[in-house]
There are 2 protein chains.
Amino acid sequence: MRDEKFCASNCSFTRAIGTVGNKWKPIILNVIGTRTIRFGQLDSIVPLISRKVLTEQLKELEEDGLLERLAYKELPPRVEYKLSEKGLAFLPILESIKEWNIKYEVAPMPGEADKKFRINYARTV
Amino acid sequence: MRDEKFCASNCSFTRAIGTVGNKWKPIILNVIGTRTIRFGQLDSIVPLISRKVLTEQLKELEEDGLLERLAYKELPPRVEYKLSEKGLAFLPILESIKEWNIKYEVAPMPGEADKKFRINYARTV
DNA sequence: ATTTGTAGTTACTCGATGGTAACCAGAATA
DNA sequence: TATTCTGGTTACCATCGAGTAACTACAAAT
């Protein structure tokens, strides 16, 4: 899910998009936020994600230094995830995306195409 | 390339990621910036994108209200794109992603795995 | 002795994604 | 007359992404 061509670009912005510019990573980072969370919790909180994809995304986020993984040598296993300094520094960006969408999102009313009748569902969180 | 399930979510943030959370849209928005630009220019400036995908992305950005498309009835045709108010309001977010990456990106040196020898290529733009 | 629980991994499969090349209009140019 | 120019669209095909189900380890509980 990381874009290797983008990550190999000589443009810093393109590399950034290559690492976090997919649909799952912003969602996962936002769900984790400032807390420490276990794999199973993430699996049940993040909507519609499969274990396989979640595992992949978490591994990449760790490799890219946004996430810290702490595995306890217990049985049954326990693994905790939390954002690194780099990951925490990304949270304000997610916040500004939220604010941007709340301000500008316009949803069409069901069955009504005319723009005059469009309403703003932005506050629906 | 838009994620329809995300766009149908009742969470504003998830919907936002559903519309701009892919690899091409941030790149395209960043390339356009504050200027007016023609299709052919975008096709040659945006690295590695195909006409087909570029067309799709531009269409979605227009549908989502980030982009304005102005087609002149000439032959050969001329079409100009520029960001809408909503699109322009997204640019500061892209800027903060750039700054974030410049501050935190760490690239491994080729052939050297030891973290002690990693250097920061962040200023390479 | 069997089930439960966690955090994954693996193999298999199907649908979506994305690239390529060909094609379009119709005026201007050679 | 043939070619060029622009901004696409279409069909075709290979690749990729992602979902599902089964499987792992081992301790504790039933």
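Values in this document were obtained by computation on a predicted structure and should not be read as measured data. Quick note on labels: first sequence line is chain A, next is B, and so on, each numbered from 1.
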Worked check of side chain to side chain contact (heavy atoms under 4.5 Å, CB included) between A:Ile32 and A:Leu67: CA-CA 10 Å; A:Ile32 300 179; A:Leu67 198 57; 3.7 Å; yes
Touch class at under 4.0 angstrom, heavy-atom based, for B:Lys59 against every strand present: sugar-phosphate
Touch class at under 4.0 angstrom, heavy-atom based, for A:Tyr81 against every strand present: sugar-phosphate
Atom-pair distance ([atom1] on [X]; [atom2] on [N]), nearest Å:
X       : N      : atom1 : atom2 : answer
B:Leu48 : C:dT17 : CG    : P     : 20 Å
B:Lys5  : C:dA16 : NZ    : C1'   : 12 Å
A:Gln57 : C:dA7  : CD    : C1'   : 17 Å
A:Lys25 : D:dG17 : NZ    : P     : 12 Å
B:Leu54 : D:dT9  : CG    : P     : 11 Å
B:Asn22 : D:dG17 : CG    : C1'   : 15 Å
B:Ile37 : D:dT6  : CD1   : P     : 14 Å
B:Leu58 : D:dT6  : CG    : C1'   : 15 Å

Non-hydrogen side-chain atoms of A:Ile27 and A:Ile49 separated by less than 4.5 Å: no
Distance-only polar pair, side chains of A:Asn101 and B:Ser12, donor-acceptor under 3.5 Å: yes
Check: A:Tyr81/A:Glu62 side-chain N/O donor and acceptor closer than 3.5 Å: no
Residues B:Leu88, B:Lys82; criterion side chain to side chain contact (heavy atoms under 4.5 Å, CB included); working and verdict: CA-CA 9 Å; B:Leu88 290 169; B:Lys82 68 193 190 85; over 6 Å; no
Closest to the B:Phe39 side chain, choosing from C:dG19, D:dG7, C:dA7: D:dG7
Below 4.0 Å: OP1/OP2 of D:dG7 and any side-chain N or O of B:Arg38: yes
Residue met sooner reading DNA chain D from 5', once B:Gln41 and A:Glu56 are mapped to nucleotides: B:Gln41
Salt-bridge contact B:Glu63-B:Arg2 (side-chain N to carboxylate O under 4.0 Å): yes
5′-ward residue of the pair A:Arg69/A:Lys52 relative to DNA chain C: A:Arg69
Main-chain N/O of B:Glu68 paired with B:Ser84 side-chain donor or acceptor, under 3.5 Å: no
Between the protein and nucleotides 22-30 of chain C, list the N/O to N/O atom pairs that are separated by less than 3.5 angstrom.
none

